[in-house]
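Structure record follows, encoded as structure tokens.
All figures in this text were calculated on a predicted structure; none of them were measured in a lab. Quick note on labels: first sequence line is chain A, next is B, and so on, each numbered from 1.
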Number of protein chains: 2
Amino acid sequence: MMMDVQLKRGLLDVCVLAAMKNEDSYGYKIINDLKPYIALSESTLYTILKRLETADMLTVRTCEHDGRLRKYYHITAAGRKRMEEFKTEWKEMILIYQFVTKEDEREESR
Amino acid sequence: MMMDVQLKRGLLDVCVLAAMKNEDSYGYKIINDLKPYIALSESTLYTILKRLETADMLTVRTCEHDGRLRKYYHITAAGRKRMEEFKTEWKEMILIYQFVTKEDEREESR
DNA sequence: ACGGTATACATCATATCACGAAGTATCAAT
DNA sequence: ATTGATACTTCGTGATATGATGTATACCGT
């Protein structure tokens, strides 16, 4: 829950995309849905949503809900492609993890 | 090999620390040792080494080798602690990975 | 009626950081 | 003599997470 900021960076985009992969979602809901996995503030989320929109990974649709504005985000094919790429990157990350955690071979550990 | 820049960010520090966990190392060697796992330029590495030194995760010792300057880096207890923390963070990352890759439940996939 | 909390989105300033570019210098091999 | 490998340094830039702050409505308890 208190993950290193830098580690989060690479995961945020795909997490946000994953939050809308089954059905369109909106800012407030995305934050709450992701809470069990990764914490992100409103300013962070809306920055990400804007970036993903610019990258054509999602489309936006504004609705009125209970007199309040609500913007629904819809993942595009490019967005799903990004999620697939993440799976490939994950394999590389596993190799890195193994390198980092490989058994210590210092003299003193004989 | 062509991992997303943001994803790399969280891994670079621990990779550099891991590169010197068995024996002290120096810039040029670290870059080559990490090459099979993660690519990083000289400017990136030396920035990281400086940062890790400031954070007391490593100490530096300058030596002369074949008439050339060579700076050996030695991981500290704090550096090893950072690597342990990474293992904890990795567990969180696995949960995130599972969330992202969880089977699609869209209508069309019935 | 009032206050607090939840819902919902937007913008700005700041700090961190990876990286290319360019530089300095030595040594080995062709 | 030239090229490539070794080895470290500094600068500028662009990307980006986040706190702070602001706007606005709905709901619930007292």
Side-chain angles (χ1 to χ4, degrees), chain A residues 1-17 19-20 24-35 37-55 57-58 60-73 82 89 92 96, chain B residues 1-17 19-20 24-35 37-55 57-73 82 89 96:
Chain A
M1 296 304 168
M2 303 178 62
M3 178 178 290
D4 174 73
V5 182
Q6 304 309 321
L7 262 182
K8 274 178 74 169
R9 287 177 90 106
L11 304 172
L12 282 171
D13 283 29
V14 273
C15 279
V16 170
L17 288 172
M20 63 185 77
D24 293 356
S25 191
Y26 54 94
Y28 200 80
K29 184 167 190 299
I30 293 171
I31 289 176
N32 284 314
D33 288 348
L34 292 183
K35 232 163 226 168
Y37 304 102
I38 199 161
L40 76 172
S41 68
E42 288 170 287
S43 59
T44 300
L45 176 65
Y46 290 111
T47 301
I48 292 170
L49 287 170
K50 184 76 72 177
R51 183 166 68 240
L52 291 174
E53 189 191 353
T54 304
M57 294 197 186
L58 52 80
V60 196
R61 164 172 55 91
T62 305
C63 289
E64 178 133 351
H65 181 83
D66 283 337
R68 274 175 302 205
L69 178 75
R70 191 183 271 182
K71 289 173 84 172
Y72 279 92
Y73 297 91
R82 175 71 194 92
E89 292 171 339
E92 288 177 49
I96 291 171
Chain B
M1 296 307 167
M2 305 181 60
M3 179 178 289
D4 174 73
V5 182
Q6 302 310 318
L7 262 183
K8 274 179 74 170
R9 286 176 90 103
L11 304 172
L12 282 171
D13 283 30
V14 274
C15 280
V16 170
L17 288 172
M20 62 185 78
D24 295 356
S25 192
Y26 54 95
Y28 199 82
K29 183 168 192 295
I30 293 171
I31 288 176
N32 284 315
D33 288 348
L34 291 182
K35 231 162 226 169
Y37 305 102
I38 199 161
L40 76 173
S41 67
E42 288 170 285
S43 59
T44 300
L45 175 65
Y46 291 110
T47 303
I48 292 170
L49 287 170
K50 185 74 74 179
R51 182 165 69 240
L52 291 174
E53 189 191 353
T54 304
M57 293 197 188
L58 54 80
T59 54
V60 195
R61 167 172 52 93
T62 305
C63 288
E64 177 133 352
H65 182 83
D66 283 337
R68 275 175 301 204
L69 178 74
R70 192 183 271 182
K71 290 174 85 172
Y72 279 92
Y73 297 90
R82 175 71 195 92
E89 292 171 340
I96 290 170

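Here the P atom of nucleotide dT11(C) and the CG atom of L69(A) are 12 Å apart, to the nearest Å. Rounded to an integer number of Å, the gap from K50(B) NZ to dC19(C) P is 19 Å. Separating the OH atom of Y72(A) from the P atom of dT7(C) is a distance of 13 Å, rounded to the nearest angstrom. Rounded to an integer number of Å, the gap from E64(A) CD to dC9(C) P is 13 Å. One interatomic measurement links the two molecules: OH of Y46(B) to C1' of dT24(C), which rounds to 13 Å at whole-angstrom precision. Computed from coordinates, the I30(A) CD1 to dT7(C) P distance equals 15 Å when rounded to whole Å. Rounded to an integer number of Å, the gap from Y73(B) OH to dA7(D) C1' is 10 Å. In this entry the distance linking CD of E53(B) with P of dC8(D) reads 13 Å, nearest Å.
A salt bridge links D24(B) to R61(B): one of the charged nitrogens lies within less than 4.0 Å of a carboxylate oxygen.
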Show the numbers, then the answer: is there a salt bridge (charged side-chain N to carboxylate O under 4.0 Å, His left out) between E89(A) and K8(B)? CA-CA 10 Å; E89(A) 292 171 339; K8(B) 274 179 74 170; over 6 Å; no
Using the 3.5 Å cut-off, write out each protein N or O paired with an N or O of nucleotides 14-17 of chain C and the distance between them.
{"from": "dC17(C)", "atom 1": "O4'", "to": "R9(B)", "atom 2": "NH2", "distance (Å)": "2.7"}

Might you list the N or O atoms of the protein lying below 3.5 Å from N or O atoms in nucleotides 23-27 of chain D, with each pair's distance?
{"from": "dT25(D)", "atom 1": "O2", "to": "R68(A)", "atom 2": "NH1", "distance (Å)": "3.3"}
{"from": "dA26(D)", "atom 1": "OP1", "to": "D66(A)", "atom 2": "O", "distance (Å)": "3.4"}

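With hydrogens and angles left out, the side-chain atoms of N32(A) and K35(A) include a donor and acceptor closer than 3.5 Å.
The 5' end of DNA chain D is approached more closely, in terms of each residue's nearest nucleotide, by Y26(B) than by the other of S43(B) and Y26(B).
Side-chain proximity of N32(A) to dC8(D), dT18(D), dT7(C): nearest is dT7(C). Checked against dC19(C), dG19(D), dC9(C), the side chain of K71(A) finds its nearest nucleotide in dC9(C).
For dC19(C), one of the phosphate oxygens OP1 or OP2 lies less than 4.0 angstrom from a side-chain nitrogen or oxygen of T44(B).
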